[in-house]
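When a residue number appears, it is its place in the shown sequence, counting from 1.
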Amino acid sequence: GTIEIEFNNFVDGTTLSGVTLKDGSGNTLEGSSVTKDGKKVLVSYPALTEGASYTLSITDALKSVNGISATPATMTLSAS
């Protein structure tokens with residue numbers, strides 16, 4: 001699957017480490033990847049375990065091409 005996050009500005013592809021998808025143990029989800037498409041960040045992931053929780057985090061390390069940091073955010077997701 002893919003989670004798509006759209007921002008106001010074009011994303012600097014060198015700062016994508018500011019976006020992570022982690023499992024319930026806090027480990028980066030194996031097989032997940034983060035890419036960009038203009039103003040969008042795409043978080044791709046393998047099949048999730050039903051009933052498990054995952055955390056999507058955006059830190060201020062993610063920046064726009066003109067150097068503006070993203071507002072940090074954390075979201076908890078449950079697979080069903």
Side-chain angles (χ1 to χ4, degrees):
T2 302
I3 299 168
E4 187 175 299
I5 309 160
E6 188 164 355
F7 293 92
N8 301 7
N9 296 302
F10 289 91
V11 176
D12 179 348
T14 66
T15 66
L16 293 175
S17 62
V19 180
T20 57
L21 182 61
K22 296 186 177 185
D23 63 20
S25 298
N27 300 310
T28 298
L29 188 61
E30 189 172 328
S32 65
S33 64
V34 180
T35 57
K36 75 168 193 97
D37 180 11
K39 294 180 180 181
K40 296 177 184 175
V41 170
L42 308 170
V43 182
S44 299
Y45 54 89
L48 302 177
T49 303
E50 188 172 334
S53 291
Y54 301 89
T55 303
L56 176 67
S57 298
I58 301 169
T59 70
D60 59 3
L62 180 68
K63 299 184 185 309
S64 67
V65 292
N66 53 351
I68 299 170
S69 293
T71 301
T74 302
M75 292 147 268
T76 301
L77 314 166
S78 295
S80 57

Exercise. Check the pair T28, K22 against side-chain hydrogen bond (donor to acceptor under 3.5 Å, both in side chains), reporting the backbone distance first and the verdict last.
Key: CA-CA 4 Å; T28 298; K22 296 186 177 185; 5.0 Å; no
Quiz prompt | Residue pair T59, T20: steps toward the side-chain contact (heavy atoms from CB on, under 4.5 Å) verdict | solution = CA-CA 9 Å; T59 70; T20 57; over 6 Å; no
Self-check item: Distance in Å, S44 OG paired with L29 CG, rounded so as to fall on 0.5 Å steps
Solution: 11.0 Å
Quiz item: So, for Y54 and A79, which heavy atoms are closest and what is the spacing to 0.1 Å?
Solution: CE1-CB, 4.1 Å
Exercise. Considering non-hydrogen atoms only, spot the tightest contact between P72 and D60 and give its length.
Key: CG-N, 4.0 Å
Quiz prompt | Flag, side chain of T2 to backbone of L42, donor-acceptor distance under 3.5 Å | solution = no
Practice problem: Count the heavy atoms of every other residue, nucleotide or ligand shown that sit under 6.0 Å from CD of E30, and state whether that count exceeds 12. | Solution: no
Exercise. Report yes or no: do V41 and L77 belong to one cluster of Ile/Leu/Val/Met/Phe/Trp/Tyr joined by side chain heavy-atom distances under 4.5 Å?
Key: yes
Quiz item: For the residue pair A61 and G18, what are the closest heavy atoms and their distance?
Solution: CB-CA, 4.0 Å
Self-check item: Closest approach of S53 to S78 (non-hydrogen atoms, all atoms of both residues)
Solution: OG-OG, 3.7 Å
Quiz item: Is it true that V34 and M75 fall in one hydrophobic cluster, defined by side-chain heavy atoms closer than 4.5 Å?
Solution: yes
Self-check item: Other residues, nucleotides, ligands: >12 heavy atoms within 6.0 Å of N8 CG
Solution: no
Quiz item: Of the non-hydrogen atoms in K36 and V11, which two are nearest, and what is the gap between them?
Solution: CD-O, 3.1 Å
Self-check item: CG on L62 to OG on S57, rounded to 0.5 Å
Solution: 12.0 Å
Self-check item: Evaluation steps, side-chain contact (heavy atoms from CB on, under 4.5 Å), between V19 and L56
Solution: CA-CA 7 Å; V19 180; L56 176 67; 4.1 Å; yes
Practice problem: I would like to know whether I58 and F7 meet side-chain contact (heavy atoms from CB on, under 4.5 Å); could you show each step before the answer? | Solution: CA-CA 12 Å; I58 301 169; F7 293 92; 4.2 Å; yes
Exercise. Mind listing the closest non-hydrogen atom pair of D12 and T15 along with its distance?
Key: O-OG1, 2.8 Å
